[in-house]
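A note on names: the letters A, B, ... follow the listed sequences, proteins ahead of strands, and every chain is numbered from 1. What you see below is based on every heavy atom in this structure, not just the backbone, and it leaves out hydrogens, waters and symmetry mates. Quick caveat, the model's predicted, so the values are computed rather than measured.
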Amino acid sequence: MPELPEVETTRRGIAPHLIGRRITSVVLRRPDLRWPIPPEVGALLPGQRIEEVERRAKYLLLHTQVGSALLHLGMTGVLRVLPPDAPVGKHDHVDIALEATTVGARILRFTDARRFGCLLWQPPGTTHELLENLGPEPLTDAFDGDLLWHLSRGRTAAVKLFLMDNAVVVGVGNIYASEALFAAGIDPRRAAGSVSRARYARLAAEVKRILAWAIERGGTTLRDFINPDGMPGYFVRELQVYGREGEPCRTCGTAIRQVVLGQRSTFWCPRCQK
DNA sequence: CGATTCCCCTGGGCGC
DNA sequence: TGCGCCCAGGGGAATC
């Protein structure tokens, strides 16, 4: 389940192989991911040089002069740089072939078993509608406790859902939301509007700390993140609350509890989080 | 506008 | 070993 750290790790992993390299062809084996792949992807990309590989929220953008491929990995999406003759698996939906260099030809392969991912098109000089109305990146100065505090006034939804709202801040997925709220000592069920300014400052700091740590960790396990079923960058043994219902809190020993918020499993320590 | 629910999809785990 | 069942979840879309 790629969260922001895994997407950023993917970007760092593939970018050196892509930037400055020309696309020779595009193979679309499965034209219907979450949404149909628009015709521009196959029609315009061949012949273009990839100028930059950008991440915005959990989206990746491959920029060329004629437009940008917009990718989301969904739940099970994986991007790998492979030799052109790599055997094609059942869920290998897209290949973007790259011109040969001294190391030989390569393809960028998009694999996605559940097809929650997407491959869309963004014309030059435009912002795709999916990228409009997104909140700030969590690792920038634009994201801080005051932002959370201001946006949350009057909000009655659970603070965990508020934290996962992409219009508030992007890239905080289900696992990291539970972990950050634990680290900040905030009950995930609490109404967002009832959390104090000081506690939001703490929460923002913990979100930054945890995401930065996971990105750093992902960078050290680059070879492992290609495992689509793993939890790249974040090891199960290091989770404080996620997936630990009934197990003792690592801080106080109280049994971790689970509740469903917004159709998502949520974990917290009833003693450490208020 | 905000809150809530639904839905897309398939592999993995489990019970029988 | 095989089969049916349930669950996971990013996040847009629809509904209340």
Round to the nearest Å and state the distance from [X] atom [atom1] to [N] atom [atom2].
{"X": "Glu6(A)", "N": "dG10(C)", "atom1": "CD", "atom2": "P", "result": "11 Å"}
{"X": "Phe162(A)", "N": "dC1(B)", "atom1": "CZ", "atom2": "P", "result": "16 Å"}
{"X": "Met75(A)", "N": "dG11(B)", "atom1": "CE", "atom2": "P", "result": "13 Å"}
{"X": "Asp112(A)", "N": "dC9(B)", "atom1": "CG", "atom2": "C1'", "result": "9 Å"}
{"X": "Arg189(A)", "N": "dA3(B)", "atom1": "CZ", "atom2": "P", "result": "18 Å"}
{"X": "Lys160(A)", "N": "dG10(C)", "atom1": "NZ", "atom2": "P", "result": "8 Å"}
{"X": "Leu161(A)", "N": "dG10(C)", "atom1": "CG", "atom2": "C1'", "result": "14 Å"}
{"X": "Leu261(A)", "N": "dA8(C)", "atom1": "CG", "atom2": "P", "result": "13 Å"}

By salt bridge (charged side-chain N to carboxylate O under 4.0 Å, His left out), which residues pair with [X], not counting sequence neighbours?
{"X": "Arg115(A)", "value": "Asp32(A)"}
{"X": "Arg271(A)", "value": "none"}
{"X": "Glu54(A)", "value": "none"}
{"X": "Asp95(A)", "value": "Arg29(A), Arg109(A)"}

Item checked: Candidates dC9(B), dG2(B), dG10(C) - which lies nearest the side chain of Arg114(A) ->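 Nucleotide nearest to Arg114(A)'s side chain: dC9(B).
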Next item on the list: Between dC9(B), dG11(B), dA3(B), spot the one nearest the side chain of Ala113(A), thanks.
Entry: dG11(B)
Item checked: Angle of first-five versus last-five pair axes in the helix from dG2(B)-dC16(C) to dC16(B)-dG2(C), to 10 degrees -> 40°
Notebook entry, point to check: With Phe267(A), which residues qualify under ring pair (Phe, Tyr, Trp, His ring centres under 6.0 Å), at least two apart?
Noted result: Tyr242(A)
Kindly say if [X] contacts the phosphate of [N], meaning a side-chain N or O under 4.0 Å from OP1 or OP2.
{"X": "Arg115(A)", "N": "dC8(B)", "answer": "no"}
{"X": "His91(A)", "N": "dC9(B)", "answer": "no"}
{"X": "Ser265(A)", "N": "dA8(C)", "answer": "yes"}
{"X": "Lys90(A)", "N": "dT10(B)", "answer": "no"}

Next item on the list: Report the residues that fulfil side-chain hydrogen bond (donor to acceptor under 3.5 Å, both in side chains) with Gln122(A), sequence neighbours left out, ordered by chain and then residue number.
Entry: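 side-chain hydrogen bond (donor to acceptor under 3.5 Å, both in side chains) check on Gln122(A) returns nothing, list empty.
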Notebook entry, point to check: Can you list the residues that meet the side-chain hydrogen bond (donor to acceptor under 3.5 Å, both in side chains) rule with Asp146(A), with sequence neighbours excluded?
Noted result: Arg197(A)
Item checked: Asn174(A) vs Lys160(A), side-chain hydrogen bond (donor to acceptor under 3.5 Å, both in side chains): CA-CA, chis, key distance, verdict -> CA-CA 9 Å; Asn174(A) 199 43; Lys160(A) 188 214 180 201; 2.4 Å; yes
Each nucleotide N or O in nucleotides 2-4 of chain C that has a protein N or O under 3.5 Å away: list the pair and distance.
none

Next item on the list: Scan for ring-ring contact (aromatic ring centres under 6.0 Å, His included) pairs involving residues 55-83 of chain A, sequence neighbours excluded, and state none if there are none.
Entry: Tyr59(A)-His72(A)
Note to self: Can you pull out every ring-ring contact (aromatic ring centres under 6.0 Å, His included) where at least one residue sits in residues 77-124 of chain A? Sequence neighbours excluded, please.
What the structure shows: none
Protein and nucleotides 11-16 of chain C: nitrogen or oxygen contacts under 3.5 angstrom:
residue: dG11(C); atom: OP1; partner: His72(A); partner atom: NE2; Å: 2.3
residue: dG11(C); atom: N7; partner: Arg264(A); partner atom: NH2; Å: 3.2
residue: dG11(C); atom: O6; partner: Arg264(A); partner atom: NH2; Å: 2.7
residue: dG12(C); atom: OP1; partner: Tyr59(A); partner atom: OH; Å: 2.9
residue: dG12(C); atom: O4'; partner: Arg34(A); partner atom: NH2; Å: 3.1

Note to self: For a side-chain hydrogen bond (donor to acceptor under 3.5 Å, both in side chains) check, start with the C-alpha distance between Thr64(A) and Arg49(A), then their side-chain angles and the critical distance, and finish with the verdict.
What the structure shows: CA-CA 6 Å; Thr64(A) 79; Arg49(A) 198 177 293 279; over 6 Å; no
Next item on the list: Look at atom CD of Glu129(A) and say whether more than 12 heavy atoms of other residues, nucleotides or ligands are closer to it than 6.0 Å.
Entry: no
